[in-house]
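All values below come from the heavy atoms of this structure, side chains included, with hydrogens, waters and symmetry mates left out. What you are looking at is a predicted structure, and each value in this text was computed from that prediction instead of being measured.
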Amino acid sequence: MSAPPVPPPAATPPAAVDPFEDHDHDACAIRVLERAILQSEAEGVRLTPVRKRALEILLESHRAMGAYEVLERLAADGFGNQPPVAYRALDFLVENGLAHRVQRLNAYAACLSPDRDHAPVFLICRSCEKVAEADAPELRQALAHLGESGGFQVERATVEALGLCSVCAAEAAKEQAATPGTGDA
């Protein structure tokens, strides 16, 4: 019995990028809004004022927001205070690839990818509650292979990883180092 073939060495991975890093947030939000408008026109769906405002609210920070938090903001802007107002707008955004539902947080986050159909991995900081949307094609391929090996066709998968962003991890390390009895002995 011969040994299985050794796979070729993997390509050198790109330098690590902190998905929570500071960036030009205003430019990011403008780019996503422009994509939403163009995509809605191209697909023949209406990005109504309440839907657009819901997306703008989600784009204000890189953290997921609950439907009632979005509803409060919509109501303050004069769009009504009944839960269906927010849920319909958020459902539209999710169905049209403009937002994602983050199951772990029972919340919504604006889609930052320029791709209409993609499957992101969500990195969720358990401390500051920021959510980063990361592309992980290798993980998606592994999930597809796993399904195919059992005759299952993966149509959609949501991957959510809970942990600490680099800022919160550094802060936690400082706190741990400053606490007597928790450092190295």
J.: For a quick test of reading the model, state the closest non-hydrogen atom pair linking Arg101 to Val94 and the distance between them.
T.: N-CG2, 4.1 Å
J.: Following the transitive rule for hydrophobic clusters with a side-chain heavy-atom cut-off under 4.5 Å over Ile, Leu, Val, Met, Phe, Trp and Tyr, establish whether Tyr68 and Met65 coincide in one cluster.
T.: yes
J.: Determine the minimum heavy-atom distance between Ala110 and Leu55, stating which atoms define it.
T.: CB-CD1, 4.0 Å
J.: Treating Ile, Leu, Val, Met, Phe, Trp and Tyr as nodes and any side-chain heavy-atom pair under 4.5 angstrom as an edge, say whether Leu38 and Val45 lie in one connected cluster.
T.: no
J.: Are any side-chain N or O atoms of Glu160 and backbone N or O atoms of Arg104, one a donor and one an acceptor, separated by less than 3.5 Å?
T.: yes
J.: Do the side chain of Ser149 and the main chain of Leu146 share a donor and acceptor less than 3.5 angstrom apart?
T.: yes
J.: Is there a path of hydrophobic side-chain contacts, each under 4.5 Å between heavy atoms of I/L/V/M/F/W/Y residues, joining Ile37 to Leu59?
T.: yes
J.: Can you see which heavy atom on Ala54 is nearest to which on Leu74, and at what distance?
T.: N-CD2, 4.0 Å
J.: Tell me if the CD atom of Gln103 is crowded by more than 12 foreign heavy atoms within 6.0 Å.
T.: yes
J.: Begin with the C-alpha distance, continue with both residues' side-chain angles, and end with the deciding distance and a verdict on side chain to side chain contact (heavy atoms under 4.5 Å, CB included) for Leu58 and Tyr108.
T.: CA-CA 7 Å; Leu58 292 177; Tyr108 299 84; 4.2 Å; yes
J.: Taking ILVMFWY side chains as joined if any heavy atoms are under 4.5 angstrom apart, and letting links pass through other members, which residues group with Ile30?
T.: none
J.: If we only count heavy atoms from C-beta on, is the Ser40 to Arg46 side-chain gap below 4.5 Å?
T.: no
J.: Rounded to the nearest 0.5 Å, what separation is found between the CG atom of Asn96 and the CD atom of Glu43?
T.: 6.0 Å
J.: Tell me the closest heavy-atom pair linking Cys111 and Gly97, and the distance in Å.
T.: CB-O, 3.5 Å
J.: Between Arg31 and Glu34, is there a side-chain N and carboxylate O pair less than 4.0 Å apart?
T.: no
J.: Is any side-chain heavy atom of Leu123 less than 4.5 Å from a side-chain heavy atom of Leu162?
T.: no
J.: Please report the closest heavy-atom contact between Leu71 and Gln82, naming both atoms and the distance.
T.: CD1-O, 3.4 Å
J.: What's the separation between atom OG in Ser166 and atom CD in Glu171, rounded to the nearest 0.5 Å?
T.: 12.0 Å
J.: With side chain to side chain contact (heavy atoms under 4.5 Å, CB included) as the test, would you mind laying out the steps for Leu105 and Val131 before giving the verdict?
T.: CA-CA 10 Å; Leu105 302 175; Val131 176; 3.9 Å; yes
J.: Which residues satisfy the side chain to side chain donor-acceptor pair (under 3.5 Å) test with Arg73, sequence neighbours excluded?
T.: Glu60
J.: Before giving the answer on side chain to side chain contact (heavy atoms under 4.5 Å, CB included), spell out for Cys128 and Cys165 the whole-Å C-alpha distance, their side-chain angles and the decisive distance to 0.1 Å.
T.: CA-CA 8 Å; Cys128 68; Cys165 69; 3.9 Å; yes
J.: Working note: Ile124 + Glu129, criterion side chain to side chain contact (heavy atoms under 4.5 Å, CB included); need CA distance, chi angles, decisive distance, verdict.
T.: CA-CA 6 Å; Ile124 305 166; Glu129 296 185 345; 6.0 Å; no
J.: Contact between Glu148 and Val154 at the side-chain level, heavy atoms closer than 4.5 Å - yes or no?
T.: no
J.: Indicate the atoms forming the closest heavy-atom contact of Cys28 with Leu112, along with that distance.
T.: SG-CD2, 3.9 Å
J.: Would you list the atom pairs, donor with acceptor, under 3.5 Å between side chains in residues 85-92 and any protein atom, with sequence neighbours excluded?
T.:
none

J.: Below 4.5 Å, heavy atoms only, C-beta onward: do Val121 and Arg140 meet side chain to side chain?
T.: yes
